[in-house]
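Written out below as structure tokens is the structure these notes cover.
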Amino acid sequence: MARSSDSTAARPREYLFDNCKALLILLVVIGHFVEPSSEFQDNPLLYDIKWGIYSFHMPAFVFISGYFSKKKASLRKLFGSIAIPYFTYEILYYLLYLLLDKETGLYFARPKFSLWYLMALFFWRLLSPVILKIPGHMLLMTVAGLLIGCSELDNFLSIPRILYFFPFFLAGLHFDSSLLYRLRTPGKRLISLGLLGGYLVFLFTDNFHRNLTPWIFYGRYSYHDMGLSAPEGAAIRLLCYAFSFLLLFLLLLVLPDSPSRFSVLGERTLAIYICHGYVFSILRYGTGLLDNVRGLPESLFLLAFCVVLVWILSRPVFSRITGRIAHLPEFFRSFSARAQ
């Protein structure tokens, strides 16, 4: 979620991607908080919002993570910056779930809530240098993403999601932003804005897409879980790939590329991503509030709450906490050196 210091040390800040990440992290939070009440029969508004969010927000985040992971990281670096924080957050979730009397366990091979992204990021960064050497690797990983939908691995090691989203990570690794900036002409941006506006109208007026569950974009669920045959599921997943890439491209064309007060959210996405999950868990499993959002006033209040929560979690104190957890190996080495 956050830029890796080892991959961006000499790179000037690209505020287009900060602004994109700022929007995406807000959508991540909204997507999670509307989940308990977003069944179409109960709340059509939240259902359509969820469908729209999931159609592109995680592919876009994975793509940007790939873009900022062009420099190969050592295994030691990956363990220190991703694996150790993953285990730390998993333990914190475990303790929180115990306090909330939610059935749980220390299932490190099955990430809790949104921590699948850390596990996936570890493997994407670890395996990409090898996969990039394989001829036709984009096609190969796209086929792997289609075939994994036939399996019943569930959430084990986040393998289904790792494979489903891998093409977006690889696309980010290959991406040359100079081409994007050349395409960001006023005319093309206006057309892109019109297409995105048309998509919003489609979401809130079309009935056909409501026959397809948003699970088609999750990457986690098998075709069988979604009531689809293997050929149907693979065809729909292939369309999802194309649609998500298109929405990502349109988004990068229309978002501003200059710094703003909004940009700071994009600099602190990791803290927001990690911390909002604990807030969600408290409200979901400690209260019944998120399960009872039905009418328009409650829905609007929930969306406003998500905006406020993102702003609160973007405060520097939360970034310092996640930053220190990300640097636990350095802390222990320093502590050991002082002790000697």
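Numbers here simply count residues along the sequence, with the first being 1.
Using cut-offs of 30° and 60° for the angle between ring planes, the Tyr67 and Phe17 rings count as parallel. Ring planes of Phe280 and His32: tilted class, angle from 30 to 60°. In this structure, His209 and Phe202 have tilted ring planes: the angle between them lies in the 30° to 60° band.
In this structure, Arg220 CZ and Phe165 CZ are separated by 12.0 Å, a value rounded to the nearest 0.5 Å. The distance from atom CZ of Arg268 to atom SG of Cys275, rounded to the nearest 0.5 Å, is 12.5 Å. Considering CD1 of Ile148 and CD1 of Ile159, their distance stands at 6.5 Å, rounded to 0.5 Å.
Other residues, nucleotides and ligands contribute over 12 non-hydrogen atoms within 6.0 Å of the CD atom of Glu152. Heavy atoms of other residues, nucleotides or ligands lying less than 6.0 angstrom from NE2 of His174 number more than 12. Shown here is Asp101, whose CG atom has no more than 12 heavy atoms of other residues, nucleotides or ligands within 6.0 Å.
Among pairs with a residue in residues 289-324, those fulfilling ring pair (Phe, Tyr, Trp, His ring centres under 6.0 Å) read Phe33-Phe305, at least two apart in sequence or across chains. Counting only residues at least two apart or in different chains, ring pair (Phe, Tyr, Trp, His ring centres under 6.0 Å) contacts with residues 243-263 comprise Phe168-Phe245, Tyr199-Phe243.
Side chains of Thr213 and Tyr221: no donor on one and acceptor on the other come within 3.5 Å.
The side-chain tip of Lys112 does not point at the ring of Tyr93 from less than 6.0 angstrom away and within 45° of straight on.
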Stepwise side-chain hydrogen bond (donor to acceptor under 3.5 Å, both in side chains) test for Thr142 and Tyr241
CA-CA 9 Å; Thr142 300; Tyr241 276 137; 5.8 Å; no
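For the pair Lys70 (side chain) and Gly172 (backbone), a donor-acceptor distance under 3.5 Å is present.
Aromatic pair Tyr54/Trp215: ring centres not closer than 6.0 Å.
If you chain together hydrophobic residues whose side chains sit under 4.5 Å apart, Leu309 and Ile282 fall into the same group.
Residues Asp154 and Arg110 are paired through a salt bridge, judged by an N-O separation under 4.0 Å between the basic side chain and the carboxylate.
Considering Trp124, Phe122, Phe63, Phe123 as possible partners of Phe169, the one that fulfils the ring-ring contact (aromatic ring centres under 6.0 Å, His included) test is Trp124.
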